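Shown next, in structure tokens, is the structure this report addresses.
What's counted below: heavy atoms across the whole structure, side chains too, no hydrogens, waters or symmetry copies. Keep in mind the model is a prediction, meaning the values are calculated, not measured.
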Amino acid sequence: MTAPEPQPTAGGGADDRGVPVPAYGAWLRRGISRNGGPLIGDPPDDAVVWLQAGPYYADSRGFAGTTSFDGSQVRFHHLTGEPGDDTGAFRWDGPDLVERGTNPDGSTFLEIWTPLPGADGTAGSWSGPDHHVVRVGRHVVHVDSRAGTYWRL
């Protein structure tokens with residue numbers, strides 16, 4: 001698996017302006033590159049799922065909250081689970097979303113997200129003092145202070 005190349009702009013450089021994330025979606029991470037390293041796929045038994053329901057998201061790695069878009073980058077505000085915010089610029093690569101971003105510790109990443117089937121239908125977000133749940137179609141991610149958990153209904 002190789003990392004997608006930056007898309008050229010009219011000026012000839014890489015376009016670091018991103019697109020907003022879709023308002024509703026269920027996404028499976030196909031691969032990650034850390035700090036410019038090789039793109040590595042996730043093992044099937046340790047797949048990463050991200051659900052987006054309006055401004056609310058949940059990530060099976062153990063963080064959830066809200067997203068905002070500044071016209072260039074998406075910020076994932078962590079309100080439950082793993083602390084900190086991360087920021088990334090998204091672009092489309094066919095049906096996939098490619099995210100280039102920065103973690104709370106300053107490290108960089110590139111992630112490839114592919115849409116999961118079964119994301120149509122009911123969607124919503126629920127939270128309490130120590131948990132956050134997002135559902136998109138047949139997909140549910142629950143995050144609390146200990147972990148993130150993904151289920152397919």
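Contact check for L97 versus P22: side-chain heavy atoms found under the 4.5 Å cut-off. Contact check for V98 versus F90: no side-chain heavy atoms found under the 4.5 Å cut-off. Counting heavy atoms from C-beta outward, L153 and V140 have side chains that approach closer than 4.5 Å. Counting heavy atoms from C-beta outward, L28 and R30 have side chains that stay 4.5 Å or more apart. Between H139 and W151 the shortest side-chain heavy-atom distance does not fall below 4.5 Å. By the 4.5 Å heavy-atom criterion applied to side chains, W50 and F76 are counted as neighbours.
Listed by chain and number, the residues in a ring-ring contact (aromatic ring centres under 6.0 Å, His included) with F109 amount to none (sequence neighbours excluded).
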**Q.** W27 and V49: CA distance, side-chain angles, deciding distance, side chain to side chain contact (heavy atoms under 4.5 Å, CB included) verdict
**A.** CA-CA 6 Å; W27 303 90; V49 173; over 6 Å; no
Q: Determine, stepwise, if the pair V48 / D59 fulfils side chain to side chain contact (heavy atoms under 4.5 Å, CB included).
A: CA-CA 7 Å; V48 175; D59 188 300; 3.7 Å; yes
(Q) For T102 and D86: C-alpha separation, side-chain torsions, deciding distance, then whether side chain to side chain contact (heavy atoms under 4.5 Å, CB included) applies. (A) CA-CA 6 Å; T102 305; D86 55 279; over 6 Å; no
Q) Under the side chain to side chain contact (heavy atoms under 4.5 Å, CB included) criterion, do F69 and R75 qualify, and how do the steps go? A) CA-CA 6 Å; F69 181 65; R75 175 160 287 202; over 6 Å; no
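Contact detail for P83 and P104: the closest heavy-atom pair is O-CG, 4.3 Å. Smallest separation of non-hydrogen atoms from L39 and G31: CD1-C, 3.6 Å. When every heavy atom of Y24 is checked against every heavy atom of A123, the shortest pair comes out as CD2-CB, 3.6 Å. Residues V136 and Q52 approach most closely at CG2-O, 3.4 Å, considering heavy atoms. Closest approach of A26 and A119 over heavy atoms only: CB-CB, 3.9 Å. Counting all heavy atoms, side chain and backbone alike, V143 lies closest to T80 at O-CG2, 3.6 Å.
Remark: I32 CD1 to D42 CG distance equals 7.5 Å, nearest 0.5 Å. Atom-to-atom distance recorded for H131:NE2 and T149:OG1 is 12.5 Å, nearest 0.5 angstrom. With values rounded to the nearest 0.5 angstrom, D144 atom CG is found 12.5 Å from H132 atom NE2. Between atom OH of residue Y57 and atom OG of residue S125 there is a gap of 11.0 Å, rounded to the nearest 0.5 Å. Here the CG atom belonging to L116 is positioned 11.5 Å from the CZ atom belonging to R138, to the nearest 0.5 angstrom.
Cluster annotation: W126 is not connected to L51 through the hydrophobic network of ILVMFWY side chains, with a link wherever side-chain heavy atoms come within less than 4.5 Å. Residues V21 and F63 share a hydrophobic cluster, clusters being chains of Ile/Leu/Val/Met/Phe/Trp/Tyr side chains in contact below 4.5 Å.
The backbone N or O of S107 sits less than 3.5 Å from a side-chain atom of D105, completing a donor-acceptor pair. No side-chain donor-acceptor contact under 3.5 Å links R91 to the backbone of D93.
More than 12 heavy atoms of other residues, nucleotides or ligands shown are found within 6.0 angstrom of OH on Y150. The 12-atom threshold is not exceeded at CZ of R34, counting heavy atoms of other residues, nucleotides or ligands nearer than 6.0 Å.
Sorted by first and then second residue, the side-chain hydrogen bond (donor to acceptor under 3.5 Å, both in side chains) pairs with a member in residues 110-122 read R29-E111, R61-E111, D96-T114, E99-W113; sequence neighbours excluded.
D85 and H77 are linked by a side-chain donor-acceptor pair at a separation below 3.5 angstrom, with hydrogens and angles left out of the test.
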